[in-house]
Amino acid sequence: MGILQPRRLSPGWTITAAIALLAVAAVFAGMLLPDPRHPPFQGADTGWHDTILGARNAFWDGVNLVLNWAGYTGMFVFHALLGAALLVRRRPKMALFSVVAGVAVTLVVQLLKLLIQRPRPGDAGVFTETYSYPSGHASSTAAFVLAAALLIGRAWAWVLAAVGAVSMMLSRTYLAAHWFSDVVGGACLAAAVVLLLWLPVQEACRSENTEARRILTWKARVSRRRRATGQAGSAPR
């Protein structure tokens with residue numbers, strides 16, 4: 001995994017960003033608690049809901065059905081595959097971070113759903129269950145793409161993470177599975193949790209990556225020398 005270059009984040013910046021993201025999710029949650037059916041921002045949610053439904057067509061219906069699977073069940077699969085790949089490549093701490101990030105975000109989201117109990121839109125284009133705020137699909141996607149971007153640590157990974165998170169947010173409102181505030185709150189909450197989980201383990205993950213790369217490079221060199229020796233020994237005299 002030569003592409004891995006775990007990102008070191010400034011503690012001050014990370015905590016500030018996490019607090020800001022948590023504040024966004026908390027503001028929505030606080031405004032929903034008194035009356036989950038009629039929060040002060042329901043008019044804006046309904047306006048976005050009606051606007052994006054007007055953009056539906058057969059092509060985007062198909063794309064969003066794929067995203068519907070990818071955003072929840074698919075994300076568990078992706079976390080498992082990433083964790084397994086990291087274990088194979090001698091990076092157990094990085095694998096643990098990826099898995100814990102996904103599980104932690106899922107648990108927090110489900111607890112908030114039960115606490116707030118916001119109804120979903122009544123015209124969802126896919127099967128939905130549980131409550132609406134915060135969005136599980138948006139949060140699980142944000143958790144995975146952010147965790148992967150932190151582990152990869154390269155500019156293109158951050159761009160893909162942003163595109164993936166925003167695409168899932170739009171998809172959930174396109175399918176009328178969530179209100180717009182649900183996906184914003186879910187993505188902000190997930191990003192904050194992942195950043196806070198990364199902060200205490202980032203140096204350990206960076207050290208582990210350096211050591212694993214050194215060992216794997218050494219093994220690759222040994223393997224090449226053995227193959228070269230074998231080929232020389234089998235050459236006709």
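Keep in mind that the numbers below use all heavy atoms, side chains included, and drop hydrogens, waters and symmetry copies.
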Donor-acceptor check, side chain of [X] to backbone of [Y], threshold 3.5 angstrom: yes or no?
X: His178; Y: Tyr133; value: no
X: Gln117; Y: Pro36; value: no
X: Gln5; Y: Ile152; value: no
X: Ser171; Y: Ser167; value: no
X: Asn64; Y: Trp60; value: yes
X: Thr210; Y: Arg206; value: yes
X: Lys113; Y: Pro134; value: yes

For this session: Decide side chain to side chain contact (heavy atoms under 4.5 Å, CB included) for His38 and Asp35; before the verdict, give the C-alpha distance in whole Å, the side-chain angles of both, and the deciding distance to 0.1 Å.
Result: CA-CA 6 Å; His38 305 100; Asp35 186 358; 3.4 Å; yes

In terms of hydrophobic clustering (I, L, V, M, F, W, Y; side-chain heavy atoms under 4.5 Å; direct or indirect links), are [X] and [Y] co-clustered?
X: Leu114; Y: Val193; value: no
X: Leu170; Y: Leu65; value: yes
X: Val63; Y: Val166; value: yes
X: Met31; Y: Tyr131; value: no
X: Leu146; Y: Leu22; value: yes

Problem set entry | Test side chain to side chain contact (heavy atoms under 4.5 Å, CB included) applied to Phe144 and Val194, step by step | CA-CA 9 Å; Phe144 175 77; Val194 173; over 6 Å; no

Exercise. Any side-chain hydrogen bond (donor to acceptor under 3.5 Å, both in side chains) pairs touching residues 139-150, not counting sequence neighbours?
Worked result: none

Problem set entry | Pairs satisfying side-chain hydrogen bond (donor to acceptor under 3.5 Å, both in side chains), at least one member in residues 22-34, at least two apart | none

Seminar exercise, completed: side-chain contact (heavy atoms from CB on, under 4.5 Å) with Ser135: of Met169, Met168, Arg120, Arg172, only one passes, and it is Arg172

Give, for atom [atom1] of [X] and atom [atom2] of [Y], the distance between the pair rounded to the nearest 0.5 Å.
X: Leu197; Y: Ser98; atom1: CG; atom2: OG; answer: 11.0 Å
X: Leu150; Y: Arg7; atom1: CG; atom2: CZ; answer: 8.5 Å
X: Ile52; Y: Leu175; atom1: CD1; atom2: CG; answer: 9.0 Å
X: Arg90; Y: Glu208; atom1: CZ; atom2: CD; answer: 11.0 Å
X: Arg154; Y: Leu4; atom1: CZ; atom2: CG; answer: 8.0 Å
X: Gln202; Y: Leu151; atom1: CD; atom2: CG; answer: 11.5 Å

For this session: Kindly assign one of parallel, tilted or perpendicular to the pair Trp69 and Phe78, based on the angle between their ring planes and the thresholds 30° and 60°.
Result: perpendicular

Exercise. For the rings on Phe180 and Phe41, is their centre-to-centre separation under 6.0 Å?
Worked result: no

For this session: Show your working on side chain to side chain contact (heavy atoms under 4.5 Å, CB included) between Val184 and Val24 and close with a plain yes or no.
Result: CA-CA 8 Å; Val184 173; Val24 172; 4.2 Å; yes

Please name the pair of heavy atoms, one in [X] and one in [Y], separated by the smallest distance, quoted to 0.1 Å.
X: Ala143; Y: Ala101; answer: CB-O, 4.5 Å
X: Tyr72; Y: Thr106; answer: OH-CG2, 4.4 Å
X: Pro6; Y: Cys205; answer: CG-O, 4.1 Å
X: Leu87; Y: Pro92; answer: CD2-CA, 3.7 Å
X: Leu199; Y: Leu9; answer: CD1-O, 4.3 Å
X: Gly12; Y: Thr16; answer: O-OG1, 2.8 Å

Check whether any side-chain heavy atom of [X] lies under 4.5 Å from a side-chain heavy atom of [Y], and answer yes or no.
X: Val201; Y: Lys93; answer: no
X: Leu21; Y: Leu189; answer: no
X: Ser132; Y: Pro121; answer: yes
X: Arg89; Y: Leu86; answer: no

For this session: Using the side-chain hydrogen bond (donor to acceptor under 3.5 Å, both in side chains) rule, take Thr173 and Trp179 through it: C-alpha gap first, then chi angles, then the decisive distance, then the call.
Result: CA-CA 6 Å; Thr173 57; Trp179 304 106; over 6 Å; no

Problem set entry | All salt bridge (charged side-chain N to carboxylate O under 4.0 Å, His left out) counterparts of Arg56, not counting sequence neighbours | none

For this session: Using a strict 4.0 Å threshold on nitrogen-to-oxygen distance, state whether Asp45 and Arg118 make a salt bridge.
Result: yes

For this session: Show your reasoning for whether side chain to side chain contact (heavy atoms under 4.5 Å, CB included) applies to Tyr174 and Leu67.
Result: CA-CA 11 Å; Tyr174 176 92; Leu67 290 175; over 6 Å; no

Exercise. Going by distance alone, is a donor N or O of one side chain under 3.5 Å from an acceptor N or O of the other, for Thr14 and Trp198?
Worked result: no

